[in-house]
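Lettering follows sequence order; numbering is per chain, from 1. This one's a predicted model, so the numbers in the text were calculated from it and none came from an experiment.
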Amino acid sequence: MALNITDSLTGAIARALKDLYGVEQSPASIALQDTRRDFRGDYTLVVFPYVKQARKSPEAVAAEIGEAVKAALPEVAGYNVIKGFLNFEIADSYWLHFLAERAGQSDYGLVHPTADAAPVVVEYSSPNTNKPLHLGHIRNNLLGWSVSQLLAAAGANVKKVNLVNDRGIHICKSMLAWLRYGNGETPESTGMKGDHLVGKYYVEFDKHYKEEVKQLMESGVEEEQAKREAPLMVEAQQMLKRWEEGDKEVRALWEKMNGWVYAGFDETYDRLGVGFDKVYYESQTYLLGKELVQKGLDMGVLFRKEDGSVWCDLTGDGLDQKLLLRKDGTSVYMTQDLGTALLRHKDFGAERLIYVVGNEQDYHFKVLKLILGKLGFPWADKVYHLSYGMVELPNGKMKSREGTVVDADDLIDEMERTAEEMSREHGKNDELSPEEQKHLYHILALGALKYFILKVDPTKNMLFNPAESIDFNGNTGPFIQYTHARIRSIVRKAGSASALDTEHVALNEKERGVLKVLHSLPETIASAANAYSPAMVANYAYELAKAFNSFYQDTPILREENQQLKTMRISLCAAVASALKNTMNILGIEVPERM
RNA sequence: GGCCCUGUAGCUCAGCUGGAUAGAGCGAGAGUCUUCUAAACUCUAGGUCCUGCGUUCGAGUCGCAGCAGGGUCACCA
């Protein structure tokens, strides 16, 4: 009985096909589906694909296979045939054994990584240090964390890394504006979070810069030229140059302001509940990749133009030529990324490299993979760009110019306030200590936010409607958290459980429904990991919570007088609570014991 | 213009490798708390699955064409 029923079924069906009709079909290729609710049964085989070779009617084929499978498997209590659909009915004892032996385990559905599993490196977040995090970063961070959790739950040895873009012209803009207009402001003196303070000066730069450009244009200078020659831009460029030369003064300012930003980011990461095994800084990696370019030149897969610049010819792959070194020998983004990919591969002995980066960089990663392949790295095809869609607002895209950017910290604050209001309205948590209440509001707020974002397919653009995101009813994080809290309340009251009788208990429809959802957890995690899709896990958790609530609504548990039934139902409760906790944990969402 | 992605209920989204009468939530309407947490449950209304052609016993799902929206085609990252 240890074998999974779906595996048993496909195995038995494969044998029946061979014995009855001489049809060779591997068990893995036999597609079983869940029986639709309106029909009797648990799993359905569609026999149409086999009727031709069997030379019989669909009904006859279904009946013959049904009979053979029933004879072969004691877990199959019966079957029924409707047209070409063969519905298998699974014995209650199977579900009860499943509950007692597997679903009841606290780590049910999770695959523990083996010690020798090759590490998988997931890069996510990767912020610039010139302004605070916004809603777009939130999707990135939540996805990155969750996919890491998901891959780990599927048995991978995951390393989470962050590549902070801590250098470049944008940082210099903030620095310059702070020098000019900052009057020595610090996070301490203003009480502002460091990343917000630096962001403020980035905006300040832009304001004054635009003014300069405007004035130049009014004096008859072409726009292109004005943008290039505005004094502030020239000065920012000079500052970048001084930075690259290691100018002490510039470096000191750079370190000071980046330090403010990191303190701010850490706070936001902390609130979001995300973290990293290793943080890379571009200031330390931006020179990487040059040796790779030399190697590519030696191999003949790259070429040098007359002006000295180095390129990769991708026209054979249907793409263009890609620059890798400028004529002055400096590297570009692609060059760095080639270098950091190799670094990461070496640092961790990684087999797979996963990049959680928005879909506006699809082209970049396509090229990155191709070039790594041309450079002869066998792991190039294991580079995976987890390309996620943009977050849009009800009135369109976020535009910093129009001030429609949703700030990450503000959003979390807002969610926490709402969570507190909602909770106070319900008045169920008055007996909790103030600390416990605060913690509860926090995990409810983040549960709502995370679930709202993670439940949609990562590859798709999504609409972030603030009003809906703080909804706590229906298909939301708090709905699932609430379901968990209710169950835990029952399990606490039940006390210690007695042994489950797996032979003399009859299941009702609702119980069987819950067990079937529980039963599909391992395959859900496997396919979600395969698709890099936390959304599939979110949908699963919702399905499970719904199935449970429906059961809970009209089935007595602690009030049940039949002890065997009562024990079984309590076990079912415990198993659901545990599965909800584990799946929500994959999403990075904490579930409360009470709420 | 080339390439890529998306198009399912009023709104936001599910629909896995093609399979029975396309599903949820929100919103609208109607019920269910002296009983294990009603942040819940139950029911009703709501659909040319963008359009057309094709492949197939069978298409929301696959192919082609078109329409609409988005992204991208930097010596930026």
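Checking the phosphate oxygens (OP1, OP2) of B/A40, a side-chain nitrogen or oxygen of A/Asn473 falls inside 4.0 Å. Residue A/Lys493 has a polar side-chain atom (N or O) positioned under 4.0 Å from OP1 or OP2 of B/U37. Within the structure, a side-chain polar atom (N or O) of A/Ser489 is placed less than 4.0 Å from OP1 or OP2 of B/U37. Contact check, A/Arg486 against B/A38: a side-chain N or O comes under 4.0 Å of OP1 or OP2. Note on A/Ser550: a side-chain N or O is less than 4.0 Å away from OP1 or OP2 of B/U42. Contact annotation: A/Lys460 reaches the phosphate of B/A14 (side-chain N/O to OP1 or OP2, under 4.0 Å). When the side-chain nitrogen and oxygen atoms of A/Lys305 are compared with OP1 and OP2 of B/C75, none of them lie within a distance under 4.0 Å. Phosphate contact (OP1/OP2 of B/G19, side-chain N/O of A/Arg36, threshold under 4.0 Å): absent.
In this structure, A/Lys322 places its NZ atom 7 Å from P of B/C75, rounding to the nearest Å. Protein atom CD1 of A/Ile30 is 15 Å distant from nucleotide atom P of B/G18, rounded to whole Å. Between the P atom of B/C75 and the CZ atom of A/Arg326 lies a distance of 9 Å, rounded to the nearest Å. With rounding to whole Å, A/Tyr552 atom OH is found 5 Å from B/A38 atom P. The separation between A/Asp471 atom CG and B/G25 atom P is 12 Å, rounded to whole Å. Protein atom CD of A/Gln336 is 13 Å distant from nucleotide atom C1' of B/C75, rounded to whole Å. Here B/C33 presents its P atom at 14 Å from CG of A/Asp554, a figure rounded to the nearest Å. The distance between atom OH of A/Tyr50 and atom C1' of B/C57, rounded to the nearest whole Å, is 15 Å.
With hydrogens and angles ignored, a donor-acceptor pair closer than 3.5 Å exists between the side chain of A/Asp307 and the base of B/C75. Side chain A/Thr44 to base B/A20: a donor-acceptor pair is found below 3.5 Å. Remark: the A/Asn87 side chain and the B/A20 base include a donor-acceptor N/O pair separated by less than 3.5 Å.
A/Glu282 comes within 4.0 angstrom of sugar-phosphate atoms only, judged by non-hydrogen atoms across all strands, and of no base. The residue A/Met462 sits close only to the backbone: its heavy atoms come under 4.0 Å of sugar-phosphate atoms, none of a base. Using a 4.0 Å heavy-atom criterion, one finds that A/Leu463 contacts the sugar-phosphate atoms exclusively. Nucleic acid contact for A/Asn429: base, since at least one base atom lies under 4.0 Å from a heavy atom of the residue. Among the protein residues, A/Thr555 comes within range of the nucleic acid bases, having at least one heavy atom under 4.0 Å from a base atom. Within the nucleic acid shown, A/Asp457 comes within 4.0 Å of sugar-phosphate atoms alone, with no base atom in reach, counting heavy atoms only. Using a 4.0 Å heavy-atom criterion, one finds that A/Pro556 contacts the bases of the nucleic acid, with or without backbone contacts as well. Among the atoms of the strands shown, none is found under 4.0 Å from any heavy atom of A/Ala494. At a threshold of 4.0 angstrom between heavy atoms, the contacts of A/Asn465 with the nucleic acid are absent. Residue contacts for A/Ser423: at a heavy-atom cut-off of 4.0 Å it reaches a base atom on one of the strands shown. A/Val456 comes within 4.0 angstrom of the backbone, heavy atoms only, and of no base. Here A/Asn130 lies out of heavy-atom contact (under 4.0 Å) with every strand.
The aromatic rings of A/Trp243 and A/Tyr286 sit tilted relative to each other, their planes meeting at an angle between 30° and 60°. In this pair, A/Phe205 and A/Tyr209 present their aromatic rings parallel. The plane angle is below 30°, not in the 30 to 60° band. Ring planes of A/Tyr355 and A/Phe365: tilted class, angle from 30 to 60°.
Between the side chains of A/Thr476 and A/Asp471, no donor-acceptor pair is found at a separation under 3.5 Å.
When both pairing distances are held under 3.5 Å, B/U61 makes no Watson-Crick or G-U pair with any nucleotide shown. The partner of B/U37, taking Watson-Crick or G-U wobble pairs whose two distances both stay under 3.5 Å, does not exist in any strand shown. Nucleotide B/U42 is matched to B/A30 when pairs are restricted to Watson-Crick or G-U wobble geometry with both distances under 3.5 angstrom. Under the Watson-Crick or G-U wobble criterion, with both distances below 3.5 Å, B/A68 is paired with B/U6. B/U12 and B/A24 make up a base pair, with Watson-Crick or G-U wobble contacts both under 3.5 Å.
Nucleotides B/A24 and B/C41 place their C1' atoms 15 Å apart, quoted to the nearest Å. A distance of about 15 Å separates the C1' atoms of B/A59 and B/U51, rounded to the whole Å. B/U55 and B/G63 have their C1' atoms separated by 7 Å, with the value rounded to a whole Å. B/C13 and B/U6: their P atoms are spaced 14 Å apart (whole Å). Nucleotides B/C11 and B/C64 have their C1' atoms positioned 33 Å apart, rounded to a whole Å. B/U8 and B/C3 have their C1' atoms separated by 26 Å, given to the nearest Å. Remark: the separation of the P atoms in B/U44 and B/C49 is 22 Å, to the nearest Å. Comparing the same atom, P, in B/G54 and in B/G7 gives a spacing of 24 Å after rounding to whole Å.
Stacking here means ring centres nearer than 5.5 Å and ring planes tilted less than 30 degrees, and by that measure A/Tyr542 does not stack onto B/A24. We find that the ring of A/Phe39 and the base of B/A20 stack, their centres lying under 5.5 angstrom apart and their planes tilted less than 30°. By the criterion of a centre-to-centre distance under 5.5 Å and near-parallel planes under 30°, the ring of A/Phe479 forms no stack with the base of B/A40.
Summarising the geometry, atom CG belonging to A/Asn475 is positioned 3.5 Å from atom OH belonging to A/Tyr451; distances are rounded to the nearest 0.5 Å.
Across B/C75, B/A40, B/A20, the shortest atom-to-atom separation from the side chain of A/Phe85 is found for B/A20. In this structure, the nucleotide among B/U37, B/G71, B/C41 sitting nearest to the side chain of A/Arg594 is B/U37. Between B/C3, B/G19, B/C75, one nucleotide has an atom nearer to the side chain of A/Lys366 than all others, and that is B/C3.
Exactly one of A/Glu223, A/Glu229, A/Glu224 qualifies for a salt bridge (charged side-chain N to carboxylate O under 4.0 Å, His left out) with A/Lys227. That residue is A/Glu223.
Residue whose closest nucleotide on RNA chain B sits further toward the 5' end, between A/Leu86 and A/Phe464: A/Phe464. Residue whose closest nucleotide on RNA chain B sits further toward the 5' end, between A/Ala535 and A/Lys510: A/Ala535.
The main-chain N or O of A/Ser331 is found under 3.5 Å from a side-chain atom of A/Arg326 such that the two form a donor-acceptor pair.
For the pair A/Met398 and A/Glu392, the minimum side-chain heavy-atom distance is 4.5 Å or more. Between A/Tyr384 and A/Tyr532, the closest side-chain pair of non-hydrogen atoms falls below 4.5 Å. Under the 4.5 Å side-chain criterion, counting only non-hydrogen atoms from C-beta, A/Val456 is in contact with A/Arg139.
Glycosidic conformation, B/C33: syn, with the torsion inside 90° of 0.
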